Amino acid sequence: MKNREVYMTKKDYIILVLQGAIVVLIIFFIYGKLTEASNDIDKKIVSVYKKGSFVEYYDVSIHSKIDDNSEGYYEDVINQIEGYIEYNDIIFCNDYKNIDESDVGKKLDRKVVLLRDDGGEVEIDIFEIVDVSGEMAIAVKGVESERYNIFYNTDYNPKDMGEFINAFGIDEYTEVSNVKFGVHDKDFSIEYDGVSNEYIMENILSKAGDKIGVYRRSELVTGLHIYLEVGKLRTDICILILNDGDLYVSTTLGSYTFVFEGGEGAVSREVEFIDYINNNYEGKINHYIKCH
């Protein structure tokens with residue numbers, strides 16, 4: 001009887017080991033499928049390069065910043081005050097870019113602030129920006145001035161993509177500058193102009209969810225970039241597709257950087273997006289010029 005009890009214990013142990021092995025195999029199988037799905041984006045990008053016929057051009061610039069060097073710009077009082085102002089318990093920073101008067105909304109407040117160089121005082125007026133969240137940006141001008149500058153919230157922190165879209169007015173005012181595929185191990189990218197804003201809004205941005213943190217360098221592997229331009233805010237927005245379908249978003253206004261959940265089926269949608277781009281738009285190869 002004693003030997004039988006020992007035998008049964010060994011048998012149970014063997015069964016337990018086998019069950020554990022099966023669970024491990026199932027986990028590896030699921031992980032493999034997820035990895036295969038995320039790698040589809042990379043494969044699609046490479047296939048676009050291999051089968052495409054592209055116009056080639058060379059460019060040393062990756063990003064063109066909008067500057068304002070118009071007459072009297074630097075002498076205007078709005079550029080002579082301290083770089084930060086406080087309004088509605090929020091610290092706003094001067095972006096040193098003008099905004100058109102047609103994009104300025106109602107007046108919110110008048111304040112007295114200090115001049116940067118001599119410590120003197122000057123009055124400024126604070127305005128809302130049409131269809132832009134007042135928690136993200138405001139327009140400011142000197143009482144005696146004609147120029148309006150954009151001031152941005154240094155701590156702006158949206159809870160999800162929907163809030164980010166509304167804050168920047170992306171659904172109404174944003175144009176797609178271009179879509180760029182970075183080809184791995186190559187010194188160039190494939191770029192597409194004139195891509196549909198409606199497609200990107202409907203299939204990528206509107207599907208994204210909560211903000212989940214800051215960008216994760218190791219996951220920027222797909223090489224798929226979407227560049228948007230918000231004309232009224234004079235800012236560019238870059239959206240990078242991470243290998244799990246999440247979206248890394250950065251802006252020139254405020255140098256904001258956020259990561260948003262891509263949403264259910266994100267990887268599949270990115271693969272479909274690459275097919276859509278390749279089938280409907282003509283690509284150009286941009287050769288990077290390396291600096292040694």
Side-chain angles (χ1 to χ4, degrees), residues 65-70 72-116 121-177 197 200-201 205-206 208 210-211 227-239 249-258 260:
K65 183 177 179 181
I66 305 173
D67 292 318
D68 192 329
N69 295 313
S70 56
Y73 172 78
Y74 293 105
E75 291 75 24
D76 192 279
V77 67
I78 199 61
N79 295 313
Q80 301 300 319
I81 67 173
E82 294 289 348
Y84 295 84
I85 65 170
E86 182 176 353
Y87 170 71
N88 203 21
D89 296 325
I90 298 174
I91 301 299
F92 289 90
C93 179
N94 193 348
D95 197 45
Y96 296 99
K97 292 177 184 174
N98 291 157
I99 184 172
D100 292 338
E101 188 173 5
S102 60
D103 292 321
V104 176
K106 69 178 181 181
K107 179 179 173 180
L108 301 173
D109 198 5
R110 174 169 288 186
K111 295 176 70 72
V112 175
V113 296
L114 297 178
L115 292 170
R116 184 173 55 247
E121 294 182 342
V122 65
E123 284 188 311
I124 61 168
D125 287 331
I126 300 172
F127 300 83
E128 67 178 13
I129 300 175
V130 177
D131 293 327
V132 169
S133 169
E135 293 186 0
M136 193 275 292
I138 54 176
V140 179
K141 82 175 189 71
V143 171
E144 304 297 330
S145 174
E146 299 296 326
R147 299 174 187 269
Y148 297 83
N149 267 25
I150 300 168
F151 280 65
Y152 62 89
N153 179 356
T154 56
D155 294 319
Y156 175 65
N157 191 26
K159 67 178 184 298
D160 55 33
M161 177 61 86
E163 184 177 308
F164 177 82
I165 287 173
N166 292 332
F168 277 81
I170 293 176
D171 52 346
E172 297 182 32
Y173 297 100
T174 304
E175 295 182 1
V176 181
S177 298
N197 180 26
I200 292 174
M201 282 295 304
L205 298 186
S206 66
D210 293 342
K211 180 177 66 65
Y227 291 94
L228 308 176
E229 182 178 332
V230 184
K232 67 160 58 180
L233 292 176
R234 307 189 70 182
T235 185
D236 292 331
I237 299 174
C238 177
I239 302 168
V249 179
S250 63
T251 70
T252 52
L253 174 66
S255 299
Y256 300 126
T257 57
F258 309 111
F260 298 97

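These numbers were taken from a predicted model, which means no experiment stands behind them.
Residues Met136 and Tyr256 come closest through the heavy atom pair O-OH, 3.9 Å. Shown here for Asn153 and Phe92, the closest heavy-atom pair between the two residues is N-CD2, 3.5 Å. Residues Thr252 and Asp236 approach most closely at OG1-N, 2.9 Å, considering heavy atoms. Between Asn197 and Ile170 the shortest heavy-atom distance is ND2-O, 4.5 Å. Across all their heavy atoms, Phe164 and Tyr156 have their closest contact at CA-OH, 3.7 Å. A pairwise comparison of heavy atoms in Val130 and Ser102 identifies CG2-O, 4.4 Å as the closest pair.
Annotation: the span from Lys232 atom NZ to Asp131 atom CG amounts to 5.0 Å, rounded to 0.5 Å. To the nearest 0.5 Å, the span separating OH on Tyr227 from CD1 on Ile237 amounts to 13.0 Å. Rounded to the nearest 0.5 angstrom, Asp103 CG and Tyr148 OH are separated by 11.5 Å. For the atom pair Thr235 OG1 and Tyr152 OH, the distance stands at 10.5 Å (nearest 0.5 Å). Distance CG/Asn157 to CZ/Phe258: 6.0 Å, rounded to 0.5 Å. One finds the CD1 atom of Ile129 at 4.0 Å from the CD1 atom of Ile99 (value rounded to the nearest 0.5 Å).
Met201 has its side chain within reach of Ile165: a pair of non-hydrogen atoms, C-beta onward, lies under 4.5 Å apart. Using a 4.5 Å heavy-atom threshold, the side chains of Leu205 and Ile200 count as touching. Contact of the Ile126 side chain with the Arg110 side chain is not registered, since no non-hydrogen atoms from C-beta on lie closer than 4.5 Å. For the pair Ile138 and Ile90, the minimum side-chain heavy-atom distance is 4.5 Å or more. Asp95 has its side chain out of reach of Asn149: every pair of non-hydrogen atoms, C-beta onward, lies at least 4.5 Å apart. Side-chain contact between Leu108 and Asn88: absent, with no pair of heavy atoms (C-beta onward) separated by less than 4.5 Å. Val249 places a side-chain heavy atom less than 4.5 Å from the side chain of Met161. Annotation: side chain of Phe168 is not in contact with side chain of Leu228 (no heavy-atom distance under 4.5 Å).
Annotation: side chain to side chain donor-acceptor pair (under 3.5 Å) contacts of Lys111 (sequence neighbours excluded): none. Taking the side chain to side chain donor-acceptor pair (under 3.5 Å) definition, one finds that Ser145 meets it with Asp76, sequence neighbours left out. Under the rule for a side-chain contact (heavy atoms from CB on, under 4.5 Å), the partners of Asp210 that lie at least two apart in sequence or sit in another chain are Asp160, Glu261. For Lys159, the side chain to side chain donor-acceptor pair (under 3.5 Å) test picks out Glu163, with sequence neighbours left out. Among residues two or more places apart in sequence or in another chain, the side chain to side chain donor-acceptor pair (under 3.5 Å) test is passed with Asp109 by none.
Applying the salt bridge (charged side-chain N to carboxylate O under 4.0 Å, His left out) test to residues at least two apart or on different chains, none of the pairs has a partner in residues 133-146.
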